[in-house]
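One structure is given here, and the rest of the page talks about it.
Proteins get letters first, then strands, A, B, ... in listed order; numbering begins at 1 in each. Keep in mind it's a predicted model, so treat the numbers as computed, not measured.
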Protein chains: 2
Amino acid sequence: MNFQKLIKEFKKKGYKLTPQRRLILEILSKEKHISAEEIFERIKQSQPNVSFGTVYRNLNILLELGLINQLDFKDGRTRFELNKSHHHHLICLDCGVAFEIQVCPFNSEIFRAADSQDFSIENHSFEIYGYCRNCKYNKTKKLDGKEEQQS
Amino acid sequence: MNFQKLIKEFKKKGYKLTPQRRLILEILSKEKHISAEEIFERIKQSQPNVSFGTVYRNLNILLELGLINQLDFKDGRTRFELNKSHHHHLICLDCGVAFEIQVCPFNSEIFRAADSQDFSIENHSFEIYGYCRNCKYNKTKKLDGKEEQQS
DNA sequence: TCTTATTTTATAACCATTCCTATTTAGAAG
DNA sequence: CTTCTAAATAGGAATGGTTATAAAATAAGA
C-alpha cells in the first residue's frame, strides 16, 4: 500500500512517527494538490491543537526526502502533492482546478542543454496555465456583459 | 529599439507614461530575472520617493499586457523578465543563478492533451531546478567536510 | 519505567505583496 | 501656455503565507 510505504520510508530516514505526521501523510495520500492551510484544517478535525508550524515543518521534511512536490498555482499559495507517478498539470488561472497530464516533454535535447552548462538537474516543473472549460465559458459571458454596457 | 517599442505599446493601451514607469521599463529591458525589490532599489537611486506599491502595481499591469513574465526561483521572491524571445531556464537552487535555454519542449502531444480537456492555454512554464557548476562543487566539498567530522 | 533527543505547541516574527487615501501629475482640451 | 481631471503616486498600514523560537510534551530505545 502506498500509505504504508510512505511511513516506512519516513521511519527509515530516522524520523519519529507522530500522530500529526501520520495524518499529514494520510491526507497527502488521499488528496492531490493540497495547500498547507487545507492540511492544517483537516488535521485540526482530529487534533485540535495542531499548529501551522508542525504542518510546514513536516512538509519541508517531506520535500527534502523527495516524497512530495510543490506546485505553483500562481495564486500565492503553494500546493503539495505526493511524488507518485511523474506527471504535469493544466492549471486554471480562474478557479484553480488542476488536471494532471501524463505526458512529459523532457527530452535528450534539454538534457544536453543542461549538460553543456555543467548543470546538475534535481527536478523540473512543466505547468500549463490557462482556463478550464467552465471558466472559459464564464469569461466569455462576462466580456459580453461588459460590451453590452459600453454600447 | 526594444525599449521604445515597449513605451509605445504601453501608451497605446491607454496608460500614462510616468517617469516611474519609464524607469521600470528601462530597468527591465536591461536586466534579466529581476525581483520587485531590486527594481525598487534601482528606481530609488534617481527617484528617492518611489514606493513599493508603484513597482508592484506597474509590474502587474505589465503582466496583464503580456509584456513580462514571472519566474519562480523557489526562494520566495518572484522574478520578472521581459517577454522577448521564448525561452526557459536552468535555475540553481543554491545561489539562484538562472541560465536561459532556447529549447522549448512544448509539442503537439501536449497541445492535444490540453485540447482533450477543453482547456484553453494562456502560457506555460518549464523550469529545470538543480545546481550550477559552482554550487555543485561547493556541495561536494561541504559533504566531504561533514564526513570528516563524523569519522 | 526511565531517559533523552526529537517533536509539538503557541506565539511572535518575518517578508513579499497588496491595500488605502490624500496628494500629485500626465496629458487632453481650450 | 493654462486649466482640468482621470489616473497615478507616496507613504504607510494591512494582509497572508511561511518561518523561527522557546517551553512543554512525547516517541522509542535502553
Spacing of B:Leu25 atom CG relative to D:dA8 atom C1', expressed in whole Å: 15 Å
Relative to the ring of B:His33, is the ring of B:His89 parallel (under 30°), tilted (30 to 60°) or perpendicular (over 60°)? perpendicular
Heavy atom of residues 32-68 of chain A under 4.0 Å from DNA chain D: which residues? A:Tyr56, A:Asn60
Ignoring hydrogens, what is the shortest heavy-atom contact between A:Leu63 and A:Ile68? Give both atom names and the distance. CD2-O, 3.5 Å
Derivation of the salt bridge (charged side-chain N to carboxylate O under 4.0 Å, His left out) call for A:Glu9 and A:Lys12: CA-CA 5 Å; A:Glu9 186 74 13; A:Lys12 198 169 70 183; 3.7 Å; yes
Least distance between heavy atoms, A:Val103 atom then B:Ala113 atom: CG1-CB, 4.1 Å
Atom-to-atom span, CD1 of A:Ile7 to P of D:dA27 - whole angstrom: 14 Å
To the nearest angstrom, how far is A:Leu23 atom CG from C:dT9 atom P? 11 Å
Note: B:Pro19 and B:Gln47 closest approach over all heavy atoms is CB-NE2, 3.5 Å
Rounded interatomic separation in angstrom, taking CG from B:Asp75 and P from D:dT18: 14 Å
Residue met sooner reading DNA chain D from 5', once A:Tyr15 and A:Arg77 are mapped to nucleotides: A:Arg77
Please tell me if B:Thr18 has a side-chain N or O lying less than 4.0 Å from either OP1 or OP2 of D:dA7. no
According to the interplanar angle, ranging from 0 to 90°, do the rings of B:Phe99 and A:Phe119 count as parallel (below 30°), tilted (30 to 60°) or perpendicular (above 60°)? perpendicular
Verify the contact: side-chain N or O of A:Gln20 to OP1 or OP2 of C:dT9, cut-off strictly under 4.0 Å; return yes or no. yes
Please report the distance, rounded to the nearest Å, between CZ in B:Phe73 and P in C:dA16. 15 Å
Calculate the interatomic distance between B:Arg21 atom CZ and C:dT24 atom P; express it in whole Å. 19 Å
I need the NZ-C1' distance between A:Lys11 and C:dT6, as an integer number of Å. 14 Å
